[in-house]
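Since the model is a prediction, treat every value here as computed from it, not as a measurement. Computed from heavy atoms alone, side chains included, the values below leave out hydrogens, waters and symmetry copies.
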Amino acid sequence: MKGIIIAGGLGTRLRPVTYHRPKPLVPVANRPFLEYQVALLKQHGIDDIVFATNYMADKIERHFGDGSRFGVRMRYAIEETPLGTGGAIRNAADLFPGEAVAVFNGDVLTDFDLTRILTFHVEKKALATLTLSEVLSPNPFGVLILDSQGKVVEWREPSEEKKKALATGSYEITGTDFINAGFYVFSPEFIARIPQGIPSSVERDIFPVCIAESAPVYGIAPGGFWMDLGRPEQLMIVSQAVLSGAVKTGTPGLAVGEGSVIAADVEFTGHASAGRNCRIGSGSKLDATILLDGVTVGKNVRLKGLVVDENSTIEDDCIVEGRGGDGPTLVLAAGTVLKQGTRILF
């Protein structure tokens with residue numbers, strides 16, 4: 001089985017963290033995010049991988065190279081103009097003519113049993129297999145309805161009433177739904193349905209036609225950890241999940257990157273982390289906070305519910321506290337300087 005990772009998005013919801021790096025290289029527990037996906041694919045025997053890239057593609061290619069450092073073969077299908085999920089998949093799959101492919105959305109952290117999913121696809125003789133995650137209802141996602149054999153019979157997008165209820169918070173949990181979790185297995189016949197060189201969406205353009213034709217499109221919910229890395233809040237959750245072991249990764253995360261110097265009495269709580277070449281002074285406390293590379297934190301600083309991008313400086317006696325939990329996660333852009341005694345309480 002061959003692998004494709006769709007990694008061409010602009011990462012707009014993660015800005016300012018993605019102004020200087022593509023989302024696939026955003027550090028999660030001091031590893032570029034896509035390293036976790038590559039390790040998971042390799043663990044399940046998928047070691048010939050193509051990245052479908054666009055935004056800052058050169059940085060992705062410089063990091064992963066030919067893949068040998070990660071025990072895989074790595075190639076790149078670069079889009080001159082964005083082609084959407086469908087066009088990106090077709091562009092990459094042309095490197096595997098006539099073969100089935102496993103496809104990862106490049107913003108998903110999971111420990112799904114991919115072998116089970118691949119086996120299910122073969123057993124069902126499926127045109128396409130979607131991996132599903134079970135989430136509380138209502139939710140902002142499109143919901144997939146399956147028959148007793150796991151065949152997809154409907155892809156139900158959120159109604160206007162549901163969207164309004166979610167936006168206003170006027171709802172009660174009514175059960176669970178199955179949603180698209182961003183890992184697919186596609187037969188060569190499915191790939192052939194995607195127009196070549198034309199922007200398209202597999203979710204909006206290809207799947208609805210297949211489902212309407214009652215084609216063998218199946219869904220499977222294998223269980224396990226799943227999170228879409230779209231917003232700073234989710235960056236915090238996935239970082240904490242890696243460091244706590246809540247998600248089983250083939251590549252271990254690191255709470256502290258190499259070259260960092262941290263005073264002996266600094267307190268890390270809430271699965272806080274610091275990147276490479278950070279400096280943290282005596283008496284400081286970090287709770288549910290992510291420092292990226294080259295951040296300097298002075299003495300007696302209090303940080304909570306915060307992402308600090310690279311090469312920022314937080315001087316002595318500063319206090320910066322976000323809400324944490326379900327609230328928004330504060331982000332300080334790269335190169336930020338907070339002068340001594342600054343207080344930001346959100």
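Using a 4.0 Å cut-off between charged side-chain N and carboxylate O, Asp48 and Arg75 make a salt bridge.
For His44, there are no ring pair (Phe, Tyr, Trp, His ring centres under 6.0 Å) partners two or more places apart in sequence or in a different chain.
Summarising the geometry, atom CD1 belonging to Ile194 is positioned 6.0 Å from atom CZ belonging to Phe186; distances are rounded to the nearest 0.5 Å. For the atom pair Arg13 CZ and Glu233 CD, the distance stands at 10.5 Å (nearest 0.5 Å). Between Leu291 atom CG and Glu310 atom CD the span is 12.5 Å, to the nearest 0.5 Å. For the atom pair CG (Leu40) and CG (Asp111), the distance works out to 7.5 Å, reported to the nearest 0.5 Å.
The residue from Thr336, Thr296, Val297 that alone fulfils the side chain to side chain contact (heavy atoms under 4.5 Å, CB included) condition with Ser312 is Thr336. Exactly one residue among Val331, Ile290, Val308 makes a side chain to side chain contact (heavy atoms under 4.5 Å, CB included) with Val17. That residue is Val331.
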inquiry  = Would Glu315 and Lys339 count as a salt bridge (Lys or Arg N to Asp or Glu O under 4.0 Å) here? Give the steps.
reply    = CA-CA 5 Å; Glu315 295 183 355; Lys339 291 296 185 179; 3.7 Å; yes
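Counting only N and O atoms by type, the side chains of Ser214 and Lys151 include a donor and acceptor under 3.5 Å apart.
Residue pairs meeting the salt bridge (charged side-chain N to carboxylate O under 4.0 Å, His left out) criterion with at least one member in residues 194-217, sequence neighbours excluded: Arg193-Glu213.
Annotation for Arg279: atom CZ counts as buried by contact number, over 12 foreign heavy atoms lying within 6.0 Å.
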